Amino acid sequence: MSFQEIIGQETAKKVLQNGLRQQKISHAYLFHGPAGSGQLKMAQNFAKALVCLEKGVDACGHCIECRKMEHGNHPDFLLVEPDGSSIKIDQIRELQRIFSYRSEAGNRKIYIIQDADKMTVQAANSLLKFLEEPPAPAVAMLLTDNVQSILPTIRSRTQPVLFTAVDPKQMIQMLADETSPLSLVRCAVHLVSDPEECRKLLAENWFAEIRNEMNRTT
């Protein structure tokens, strides 16, 4: 995956690639926008570009650092996701423990917090301290579709990166030549905000069954 393969989100790409081009990387970013707008995909690609040995505005995809990221075993990268319905303080403490050690190569450590709005109050307060004073060079990416639920003190300490819903017409044009019936595609693009999420939805048997049932009853 590269920035070029991500459809839409040109504003978000510009913010991140300008940082890479100028070597001005924020210590923390807040990716926010509608659910399904490709935030995680963008964050993972940005993380890969940050560790890439080519040091360009996109990940090369073939150096050893890129391959580690693609295989999910890069020692300086961590993805934090909700444990059940929330992100708990123990998860943030474990993040802090892992990131208390500098990387062997002296590079930045990178972490993504998926659904950052689901942090408990204790977890959010613990993260706030970590954002302000990381023990080693680090880049944080907090992802949310509910930015107002993020503590104002956290929002003020992160660089916002806005995501928007991809134009449904653009997604229909992209997906029309693929295997799903056009009627299903037209329905799916109004339920999710990203082509990849749309493909996942179209691959679900239940989605086609519900659509067919709706057609029979109307």
Side-chain angles (χ1 to χ4, degrees), residues 1-3 12 15-32 39-144 150-161:
M1 176 60 69
S2 69
F3 283 123
V15 168
L16 300 176
Q17 289 192 298
N18 281 346
L20 289 165
R21 183 178 294 107
Q22 299 168 13
Q23 286 297 297
K24 293 182 179 178
I25 306 301
S26 175
H27 72 289
Y29 296 86
L30 180 59
F31 289 17
H32 64 97
Q39 295 175 31
L40 181 58
K41 191 189 325 179
M42 187 79 78
Q44 289 172 325
N45 195 77
F46 184 49
K48 189 162 67 169
L50 286 171
V51 302
C52 178
L53 297 178
E54 295 288 331
K55 302 301 180 188
V57 297
D58 206 345
C60 72
H62 56 74
C63 73
I64 188 169
E65 299 297 316
C66 283
R67 293 201 300 271
K68 286 178 183 177
M69 288 292 293
E70 289 170 0
H71 295 151
N73 59 5
H74 199 289
D76 296 326
F77 172 77
L78 185 66
L79 172 62
V80 179
E81 300 177 285
D83 177 7
S85 62
S86 65
I87 295 173
K88 300 169 176 61
I89 190 171
D90 287 345
Q91 292 176 269
I92 302 302
R93 286 173 176 164
E94 178 63 9
L95 167 68
Q96 293 170 338
R97 184 192 68 78
I98 293 171
F99 275 55
S100 64
Y101 305 101
R102 291 180 179 272
S103 67
E104 293 182 6
N107 297 322
R108 304 179 186 91
K109 288 180 173 284
I110 304 162
Y111 62 97
I112 296 171
I113 299 183
Q114 174 78 305
D115 297 324
D117 53 284
K118 294 182 179 177
M119 285 188 288
T120 65
V121 173
Q122 295 87 348
N125 285 328
S126 182
L127 178 68
L128 179 61
K129 176 80 171 171
F130 189 58
L131 284 174
E132 292 174 333
E133 301 173 7
V139 176
M141 284 174 266
L142 280 59
L143 282 49
T144 181
I150 303 292
L151 286 179
T153 44
I154 288 180
R155 295 203 305 263
S156 69
R157 288 163 176 77
T158 55
Q159 179 176 341
V161 181

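Here the structure is a predicted model, which means the values were calculated and not measured.
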Check for a donor-acceptor pair, side chain of [X] on one end and backbone N or O of [Y] on the other, with a separation under 3.5 Å.
X	Y	value
R67	H62	yes
S86	K88	no
R155	I150	yes
E65	L53	no
N125	V121	yes

Looking at [X] and [Y], what are the two nearest heavy atoms and their distance?
X	Y	value
L131	Y111	CD2-OH, 3.6 Å
E54	C60	CG-CB, 3.4 Å
H32	Q39	C-NE2, 3.7 Å
I89	S126	CG1-CB, 4.2 Å
K118	P82	CD-CG, 4.1 Å
P75	K68	CD-CD, 4.3 Å

Is there a side-chain contact between [X] and [Y], using heavy atoms and a 4.5 Å cut-off?
X	Y	result
M42	N45	no
Q17	F46	no
I110	D76	no
F130	L95	yes
F77	I112	yes

Distance (rounded to the nearest 0.5 Å) between [X] [atom1] and [Y] [atom2]:
X	Y	atom1	atom2	result
R21	L16	CZ	CG	11.5 Å
Q159	F31	CD	CZ	9.0 Å
I25	H27	CD1	NE2	13.0 Å
E132	L127	CD	CG	10.0 Å
D58	C66	CG	SG	8.5 Å
L50	M141	CG	CE	6.0 Å

Within a 6.0 Å radius of atom NZ on K129, are there more than 12 heavy atoms belonging to other residues, nucleotides or ligands?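 Open: at most 12 neighbouring heavy atoms sit under 6.0 Å from NZ of K129.
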
Other residues, nucleotides, ligands: >12 heavy atoms within 6.0 Å of I64 CD1: no

Identify the residue among I154, D117, D115, V161 that makes a side-chain contact (heavy atoms from CB on, under 4.5 Å) with L142. I154

Taking I113 as the fixed residue, which of I92, L143, L30, L79 is the one that meets the side-chain contact (heavy atoms from CB on, under 4.5 Å) rule? I92

NZ/NE/NH1/NH2 to OD/OE distance under 4.0 Å, E94 and R97: yes

